[in-house]
Amino acid sequence: MTPIELYNTLSRRKETFVPREPGAVDIYVCGVTTYDQSHLGHARPAVVFDCLRRYLRLKGYRVRLVQNFTDIDDKIIARANAEGKDPLELADFYCQEYLQNITRLGVERADIYPRVSAHIKEIIDMIAGLIERGAAYPAGGHVFFSVAAFPEYGKLSNQKLEELESQGSGAGDEEQYKRHPVDFALWKAAKPGEPAWDSPWGKGRPGWHIECSAMALKYLGNGFDIHGGGMDLVFPHHENEIAQSEAYTGKAPFARYFLHNGLVTVNGEKMSKSLGNFVSIDEALARYPAELWRYFILSSHYRSVLDFEEERLEAAHKAWTRLNRAVWDLEEAGVQPDWPGLAAVWAGMETAQNNQGTELESAVYAAARRLDEALANDFNTPAAMAVLFELLPAIKVDGRPQRGLAPALGFLKEVLSDLLGVLAPAKPGGVNDALAEGLLRLLVELRAEARKKKDWTTADRIRDGLARLGVKLEDTPEGTRWTIS
RNA sequence: GGCGGCAUAGCCAAGUGGCUAAGGCGGAGGUCUGCAAAACCUCUAUUCCCCAGUUCGAAUCUGGGUGCCGCCUCCA
């Protein structure tokens with residue numbers, strides 16, 4: 001079994017992955033602030049960490065995944081006020097929307113989806129603890145984290161306090177209460193018309209960063225394994241989480257590995273709600289199946305920028321169809337999958353099979369191992385995809401039974417479906433209406449007769465006519481098959 | 001200004017010092033075919049943004065430069 005290496009933002013290099021506890025991986029991924037529709041920029045980390053989680057499980061780890069919802073925030077309040085709605089109801093609406101969308105994207109549910117609004121007590125306790133330890137101070141109804149109390153501040157984003165200081169965020173009515181310009185709010189004093197909770201410092205609500213620290217510590221404890229999120233969260237969000245958490249527990253590290261996915265861009269510009277250039281998951285799924293979007297996302301390395309571009313999507317669609325077709329062809333030929341499973345192969349329990357099999361069989365086992373090598377190398381999904389494409393030429397269904405086809409089908413199905421989640425649910429071509437199917441069959445039969453009589457005009461007329469209706473006919477030696485787009 | 005990342009074929013994209021620089025899309029040719037489609041086969045970067053350096057050996061390491069992107073205000 002190939003040991004896993006992951007790029008850790010903390011050290012800015014790849015490290016061999018050693019979990020806190022052997023055989024178990026605890027992951028906290030920063031979720032969304034729920035004030036608007038979720039878009040492809042949110043789909044990326046959801047899909048990437050979903051897939052990473054599946055991979056880790058196949059490697060034999062028990063994986064626990066926690067992903068938060070930030071359902072209290074300035075933007076939510078602003079949006080709710082603008083629409084005359086209750087902030088928490090608005091947030092709940094978009095929580096549901098997000099969950100539905102990522103479920104449609106084939107993302108398995110996290111073990112826990114904690115919400116800020118349900119963890120006010122934990123947050124208040126943590127803030128109180130930070131004040132006790134001298135790492136935070138109340139002022140003007142707010143509570144601020146004191147960066148002066150945390151000498152390691154800046155270690156994640158590699159920033160010097162003096163540099164940050166010279167920048168100064170400037171605006172905001174809280175600034176006047178800060179002792180240091182880089183200090184940030186743990187608790188914000190309530191303004192009229194805002195959701196507020198009682199606290200030792202008066203009515204108010206949590207600041208932006210504290211919730212993740214409080215909830216991660218509650219559910220995963222200090223020193224958990226992987227903390228994930230988008231590249232744009234490195235600073236200040238994750239930097240501040242580290243500061244709060246480590247100042248609170250007195251122990252480092254808060255999380256052992258920080259993994260950050262690259263951003264999604266549109267024409268080279270970051271996709272974001274504020275720029276208004278986003279493609280919502282809803283729109284995306286209306287155009288292409290979820291499995292294709294997963295393929296598109298996983299065909300770039302998770303840390304690189306992923307540019308959303310029409311041409312690339314079409315290229316991905318063709319490549320993706322080829323992978324799926326390999327499975328359909330095998331199934332159509334009546335091949336029954338026979339495969340011990342990736343977990344067994346990777347664990348080295350199937351070595352005996354490697355040598356006694358046919359050429360194709362050993363190619364499949366070799367591909368399985370190369371797939372592991374690719375993914376173990378900082379979760380290199382594009383390299384993993386290449387392994388699959390390299391195997392395709394070896395898989396030929398030519399009518400004659402071939403011994404390696406059964407493991408090939410089993411391998412492909414497990415990788416495409418269980419690991420990557422990119423296997424199209426069903427071969428296109430299904431007609432959901434008995435009448436339509438009957439008519440289609442009749443036309444194909446009529447065309448076959450015309451072709452027999454070399455009446456190409458009629459044959460082409462049927463084919464062209466169906467093409468206009470979105471039904472593609474393909475003549476193969478085994479007969480005509482149709483696919484509906 | 002500070003911090004971080006990226007630059008590899010027409011496009012996308014792997015490449016963690018050393019066999020002929022993965023793979024996908026596109027393109028060219030071919031097999032098959034009434035034609036088409038699909039599938040399959042073959043070909044498609046003497047060279048990795050530029051300049052120095054380290055090394056027997058560099059796309060890969062170091063320094064400098066150029067260009068693009070992100071963060072430093074809310075962001076996945």
Side-chain angles (χ1 to χ4, degrees), chain A residues 5 7 9 12-14 29-33 35-36 38-46 48-49 67 70 73-75 78 154 156-160 162-172 182 208 228-237 239 260-265 268-275 278 295-296 299-301 303-307 309 311-323 325-326 329 370 374 377-378 380-390 392-393 396-398 451 454-456 459-460 463-464 467 472-477 480-481 483:
Chain A
E5 299 223 315
Y7 182 91
T9 307
R12 284 178 292 283
R13 63 174 166 226
K14 259 185 247 178
V29 176
C30 278
V32 290
T33 301
Y35 71 94
D36 203 346
S38 48
H39 57 73
L40 290 177
H42 304 116
R44 188 175 194 190
V48 163
F49 286 101
Q67 184 178 21
T70 299
D73 157 275
D74 293 352
K75 287 204 166 180
L156 179 71
S157 56
N158 200 27
Q159 310 254 17
K160 290 190 186 71
E162 309 87 73
E163 286 297 339
L164 292 167
E165 194 176 339
S166 67
Q167 280 310 303
S169 49
V182 185
W208 177 33
M231 216 76 105
D232 52 352
L233 295 181
V234 174
F235 189 89
H237 189 55
E239 191 71 68
H260 292 104
N261 62 273
L263 302 179
V264 178
T265 60
E269 251 193 348
K270 177 178 174 178
M271 177 181 288
S272 73
K273 293 172 190 172
S274 22
L275 286 172
F278 65 90
Y295 176 89
F296 179 71
S299 62
S300 273
H301 184 87
R303 281 195 289 119
S304 60
V305 172
L306 176 60
D307 196 45
E309 207 187 335
E311 285 172 23
R312 297 196 48 198
L313 209 54
E314 280 162 30
H317 189 222
K318 287 188 178 159
W320 171 78
T321 304
R322 259 184 78 203
L323 285 176
R325 189 177 287 278
D329 286 353
R370 284 200 293 139
N377 179 14
D378 196 25
N380 194 335
T381 50
M385 305 266 199
V387 171
L388 300 180
F389 282 106
E390 279 171 347
L392 288 192
K396 266 171 289 194
V397 184
D398 57 2
R451 291 181 69 218
K454 297 196 189 295
D455 178 4
W456 310 128
D460 290 348
R463 187 173 59 194
D464 295 344
K472 194 160 88 175
L473 296 189
E474 290 170 14
D475 299 322
T476 72
T480 301
R481 72 175 170 200
T483 47

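Values in this document were obtained by computation on a predicted structure and should not be read as measured data. Below, chain A is the first sequence line, B the second, and so on; all start at residue 1.
Counting distance only, with no hydrogens placed and no angle test, the side-chain atoms of A/Lys318 and the base atoms of B/C25 include no donor-acceptor pair under 3.5 Å. On a pure distance criterion of 3.5 Å, no polar donor-acceptor pair joins the side chain of A/Asp307 and the base of B/C12. One cannot find a donor-acceptor pair under 3.5 Å joining the base of B/A39 and the side-chain atoms of A/Arg322. For B/G2, the base has no donor-acceptor partner in the side chain of A/Asn158 [N/O atoms by modelled type, under 3.5 angstrom]. You won't find any donor-acceptor pair under 3.5 Å spanning the side chain of A/Arg12 and the base of B/C3, going by distance alone.
Few gaps surround CZ on A/Arg12; more than 12 heavy atoms of other groups in view lie less than 6.0 Å from it. Within a 6.0 Å sphere centred on CD of A/Glu311, other residues, nucleotides and ligands contribute 12 heavy atoms or fewer.
Within 4.0 Å of A/Arg13, counting heavy atoms only, lies no atom of the nucleic acid at all. A/His301 comes within 4.0 angstrom of sugar-phosphate atoms only, judged by non-hydrogen atoms across all strands, and of no base. Within the nucleic acid shown, A/Arg312 comes within 4.0 Å of sugar-phosphate atoms alone, with no base atom in reach, counting heavy atoms only. If you check every strand for non-hydrogen atoms under 4.0 Å, A/Thr33 touches sugar and phosphate atoms only. Among the protein residues, A/Gly228 comes within range of no part of the nucleic acid, since none of its heavy atoms lies under 4.0 Å from any strand. As judged by a 4.0 angstrom heavy-atom cut-off over every strand, A/Val29 is placed among residues making no nucleic acid contact. Residue contacts for A/Asn261: at a heavy-atom cut-off of 4.0 Å it reaches a base atom on one of the strands shown. Within 4.0 Å of A/Val32, counting heavy atoms only, lie sugar-phosphate atoms of the nucleic acid but no base atom. Within the 4.0 angstrom heavy-atom criterion, no nucleotide atom of any strand lies near A/Asp74.
Which of B/A37, B/G23, B/A76 sits closest to the side chain of A/Lys472 comes down to B/A37. Of the candidates B/G4, B/G15, B/G34, B/G34 carries the atom nearest the A/Ala459 side chain, counting heavy atoms from C-beta on. Side-chain proximity of A/Tyr295 to B/A76, B/C35, B/G24: nearest is B/G24. Side-chain atoms of A/Ala386 lie closest to B/A22 of the nucleotides B/A22, B/A76, B/C35. Side-chain proximity of A/Ala319 to the nucleotides B/C25, B/A36, B/G70 is greatest for B/C25. Ranking B/G4, B/A76, B/C35 by closeness to the A/Leu263 side chain, first place goes to B/A76. Considering only the side chain of A/Arg451, B/G34 comes nearest among B/G34, B/A22, B/G15. Proximity note for A/Glu390 (side chain, C-beta onward) versus B/C12, B/G23, B/A14: the nearest is B/G23. With B/C74, B/C25, B/A14 as the candidates, the nucleotide lying closest to the side chain of A/Ser304 is B/A14. The nucleotide whose nearest atom lies closest to any side-chain atom of A/Gln159 is, among B/A36, B/A14, B/C71, B/C71.
Judged purely by atom type and a 3.5 angstrom limit, A/Thr381 has no side-chain atom pairing as donor or acceptor with the backbone of A/Ala384. In this structure, A/Glu239 contributes its side chain and A/Leu156 its backbone to a donor-acceptor pair below 3.5 Å.
A stacked arrangement is not assigned to A/Phe389 and the six-membered base ring of B/G24, the conditions of a centre distance below 5.5 Å and an interplanar angle below 30° not being jointly met.
Rounding to whole angstrom units, CG of residue A/Leu164 and C1' of B/U73 are separated by 13 Å.
Using the Watson-Crick or G-U wobble rule with both distances under 3.5 Å, B/C61 pairs with B/G53. Pairing for B/U33 is absent, with no Watson-Crick or G-U wobble pair whose two atom distances lie under 3.5 Å. Remark: B/U20 base-pairs with no nucleotide in the shown strands. Criterion, Watson-Crick or G-U wobble with two distances under 3.5 Å. Base pairing of B/G10 is made with B/C25, judged by Watson-Crick or G-U wobble geometry with both donor-acceptor distances under 3.5 Å. With a cut-off of 3.5 Å on both Watson-Crick or G-U wobble distances, the partner of B/G4 is given as B/C69.
Atom OG of A/Ser299 is separated from atom CG of A/Leu306 by 7.0 Å, given to the nearest 0.5 angstrom.
B/U46 and B/U8: their C1' atoms are spaced 15 Å apart (whole Å). One P atom belongs to B/U54, the other to B/A58, and the distance between them is 12 Å to the nearest Å. Spacing between B/C68 and B/G53 at atom P, rounded to whole Å, works out to 28 Å. One P atom belongs to B/A36, the other to B/C69, and the distance between them is 46 Å to the nearest Å.
Seen from the ring of A/Tyr7, A/Arg303 counts as a face-on cation partner, given the 6.0 Å and 45° thresholds. Remark: A/Lys273 qualifies as a cation-pi partner of A/Tyr35 under the 6.0 Å distance and 45° angle criteria applied to the six-membered ring.
A/Asp475 and A/Arg451 are joined by a salt bridge, as a carboxylate oxygen and a charged side-chain nitrogen come within less than 4.0 angstrom of each other.
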